[in-house]
Protein chains: 2
Amino acid sequence: MSRDPSATKASLLAAARVEFAAHGAAGARVDRIAERAGVSKERIYGYFGSKDKLFDAVLDEVVEEVMEFVGEPGRDIAAYVRRVHDFHRERPDLVRLLVWEGMQGGGSCPNRRSRVEHYVRKNQAMAEALGLETAEEAAPLLFMFMAICSWSVVVPQVARLVLGEGIDTEDGRDRLRKHIGDFAEGAVTHIREQQSRV
Amino acid sequence: MSRDPSATKASLLAAARVEFAAHGAAGARVDRIAERAGVSKERIYGYFGSKDKLFDAVLDEVVEEVMEFVGEPGRDIAAYVRRVHDFHRERPDLVRLLVWEGMQGGGSCPNRRSRVEHYVRKNQAMAEALGLETAEEAAPLLFMFMAICSWSVVVPQVARLVLGEGIDTEDGRDRLRKHIGDFAEGAVTHIREQQSRV
DNA sequence: ACGCTAGCCAACCAACTGGTTGGTAGTCAA
DNA sequence: TTGACTACCAACCAGTTGGTTGGCTAGCGT
């Protein structure tokens with residue numbers, strides 16, 4: 001058909017992303033990926049070797065994208081958190097892929113080097129904004145921000161139970177967004193106070 | 001073998017809990033559950049009808065347990081959050097089951113009634129502790145507390161990347177626990193201040 | 001003692017799984 | 001033109017899946 005290897009590869013990656021985000025590495029079906037890509041599934045093995053390696057390739061790609069799209073935290077940390085929240089809400093793929101990796105994966109963690117680097121950079125930016133001395137001190141904060149920004153993507157059914165059906169409306173989502181911002185704001189002020197007290 | 005229906009049922013439920021927590025409803029294997037329970041898999045269909053219904057039964061049971069073991073939030077909310085964190089760390093089953101349900105489930109949400117009730121009760125307790133007027137106002141807070149307490153169970157690989165390898169040691173975990181408590185403390189103070197300002 | 005029901009299992013089944021293979025057909029250098 | 005190389009696919013394969021079936025037997029009421 002297309003006789004354009006790089007286009008075929010890209011098409012497979014795109015299809016795989018949809019499938020993996022929806023079902024995880026274990027739940028994904030190779031046939032569905034191939035069909036969505038409009039390509040014989042044999043191409044998956046020709047280009048990527050196996051289903052799992054394809055998953056890793058997708059993850060690489062998405063992590064790369066997020067580095068590009070979500071900037072680094074600036075002075076106004078609550079604003080940054082809201083930005084991250086917006087990104088995850090609009091494109092839940094990354095969060096879902098990470099969660100699948102964490103829940104199904106055997107702790108292999110591909111592309112480790114660059115991912116660590118990515119988070120270190122964010123931690124540094126955050127430490128600077130908070131007046132903390134080392135990046136490590138900011139890490140738990142970053143981690144918890146990720147948690148509150150992602151949670152409603154990960155357990156939407158719990159969100160509906162706890163926050164009410166309103167969470168499915170634009171209005172309800174905005175309200176949660178505001179709470180998330182406030183929550184972050186509170187935590188940051190708390191830290192700043194502890195900081196100045198020393 | 002055992003010829004004791006309720007014992008067989010219980011044995012199946014226990015085995016299913018392990019299997020479902022590890023692999024989710026879709027990833028779980030009926031044969032493995034039966035083998036672990038030391039029972040023919042046909043009994044699963046005899047007692048529960050299908051794999052999915054067995055999953056629901058397990059979820060019911062676990063939710064029930066959590067209601068029992070984790071109390072309600074008292075005056076010291078940070079302490080409550082730490083308690084929840086400890087529970088999830090020691091027994092990650094509940095979190096994992098909820099996440100599988102959220103990621104794989106089709107939004108059916110079995111046992112809805114009692115689960116809503118459970119969260120409403122917690123929201124009320126929390127609203128009271130914070131001096132908020134309605135339970136709904138406390139809901140987002142409860143939701144975010146769940147998030148920060150569960151996150152390292154859900155994406156352990158990210159925890160390792162962000163917080164460093166130390167997270168796998170008892171010491172590192174305690175440090176995170178402390179940060180989670182502080183984080184909650186900060187958010188609560190923030191809310192209390194907003195409250196008193198009005 | 002005896003039959004009947006309920007708990008149980010080994011064996012089975014059709015559907016589906018990730019992965020492979022043999023062969024076709026574009027494409028490009030010589 | 002030819003020959004070789006590469007992208008590609010339909011058909012295939014062995015192993016696994018959730019779910020079913022026919023029959024065995026422990027234990028109870030009679």
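Nothing here was measured: the structure is a model prediction, and the numbers come from that model. So that the names make sense, note that chain A is the first sequence line, chain B the second, and so on, each numbered from 1.
As judged by a 4.0 angstrom heavy-atom cut-off over every strand, B/A26 is placed among residues making no nucleic acid contact.
Straight-line distance from the CG atom of B/L54 to the C1' atom of D/dG18: 13 Å, rounded to whole Å. The distance from atom OH of B/Y45 to atom C1' of C/dC8 is 16 Å, rounded to the nearest whole Å. In this entry the distance linking CG of B/D4 with C1' of D/dG27 reads 13 Å, nearest Å. When the P atom of D/dT16 is taken as reference, atom CZ of B/R29 falls 11 Å away, rounded to whole Å. If you take CD of A/E42 and C1' of C/dG22, they are 11 Å apart, rounded to a whole angstrom. Atom P of nucleotide C/dA15 and atom CZ of A/R32 are separated by 18 Å, given to the nearest angstrom. At whole-Å resolution of the value, CZ in B/F55 and C1' in D/dG19 are 19 Å apart. Atom-to-atom, CZ of A/F48 to P of D/dC8 comes out at 11 Å; the value is rounded to the nearest Å.
Side-chain N/O atoms of A/T8 include none lying less than 4.0 angstrom from OP1 or OP2 on D/dA7.
Nearest to the side chain of B/S40, among C/dA10, D/dA7, C/dT17, sits C/dA10. The side chain of B/R43 has C/dC9 as its nearest neighbour among D/dT20, C/dC9, D/dA10. In this structure, the nucleotide among D/dT25, C/dG18, D/dA10 sitting nearest to the side chain of B/R3 is D/dT25.
Each of B/K41 and A/Y47 was assigned the nucleotide of DNA chain D with the nearest heavy atom; the assignment lying further toward the 5' end belongs to A/Y47. When each of A/V30 and B/V39 is assigned the nucleotide of DNA chain C with its nearest heavy atom, B/V39 is the one assigned upstream, toward the 5' end.
A cation-pi arrangement is absent between B/R83 and B/Y80, since the terminal nitrogen or guanidinium carbon is not both under 6.0 Å from the aromatic centre and inside a 45° cone about the axis.
Below 30°, between 30° and 60°, or above 60°: for B/F143 and A/W151 the angle between ring planes is between 30° and 60°, a tilted geometry.
In terms of modelled atom types and a separation under 3.5 Å, the side chain of A/T8 and the main chain of A/D4 share a donor-acceptor contact.
Ion pairing between B/E35 and B/R32 fails under the 4.0 Å rule for side-chain N and carboxylate O.
A 6.0 Å sphere centred on CD of A/E128 holds no more than 12 heavy atoms belonging to other residues, nucleotides or ligands.
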